[in-house]
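Before any comments, here is the structure.
Source: prediction; values computed, not measured. The figures here come from the full heavy-atom set of this structure, side chains too, leaving out hydrogens, waters and symmetry mates.
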Amino acid sequence: MIGLTARQRQVLLLAANGNTNTEIAAWLGITPTTVNHTLRRAYSILGASDRTQAVAIALAVGETGVHQIHIPDEQREAAA
């Protein structure tokens with residue numbers, strides 16, 4: 001399997017943290033269309049069909065670590 005680029009990993013992590021394409025675009029100074037294209041390419045590389053599956057696969061194959069995903073305190077408390 002070909003690994004993700006640094007940009008694909010960055011965008012996927014921002015998505016994993018609950019950001020929309022518009023929010024990710026604003027953070028990175030790119031367009032939402034570019035974010036969408038970057039995510040779609042990452043999905044293809046990972047063999048995923050959506051954000052959730054892409055994040056799960058990226059975690060499983062070591063493309064990212066669970067420590068890089070930030071869960072807001074309110075969501076962490078609700079899940080406990």
- [ ] Quick one: closest heavy-atom pair of Pro32 and Ala25, and the distance?
- [x] N-CB, 3.5 Å
Open item on the list: To check you understand the geometry: which heavy-atom pair defines the closest contact between Trp27 and Asn19, and what is its length?
Closed with: NE1-OD1, 4.2 Å
- [ ] For Asn17 and Leu13, indicate whether the former's side chain and the latter's backbone hold a donor-acceptor pair under 3.5 Å.
- [x] yes
- [ ] Flag yes if more than 12 heavy atoms outside Arg40 fall under 6.0 Å of its CZ atom; otherwise flag no.
- [x] no
- [ ] Output all residues satisfying side chain to side chain donor-acceptor pair (under 3.5 Å) with Thr31, sequence neighbours left out; order by chain, then residue number.
- [x] Thr34
TODO: Over all heavy atoms of both residues, which pair between Glu23 and Gly18 is shortest? Give the atoms and the distance, please.
DONE: OE1-O, 4.0 Å
Task: Minimum-distance pair of heavy atoms, taken over all atoms of Ile30 and Arg7 - done: CG2-NH2, 3.9 Å
TODO: Calculate, to the nearest 0.5 Å, the distance between atoms CG and CD1 belonging to Leu12 and Ile24 respectively.
DONE: 8.5 Å
TODO: Check Leu4 against Glu63 and note the closest heavy-atom contact, atom names and distance.
DONE: N-OE2, 3.1 Å
Open item on the list: Counting C-beta onward and ignoring hydrogens, is there a side-chain heavy-atom pair between Leu14 and Val35 closer than 4.5 Å?
Closed with: no
- [ ] Considering non-hydrogen atoms only, spot the tightest contact between Leu39 and Ala15 and give its length.
- [x] CD2-CB, 4.3 Å
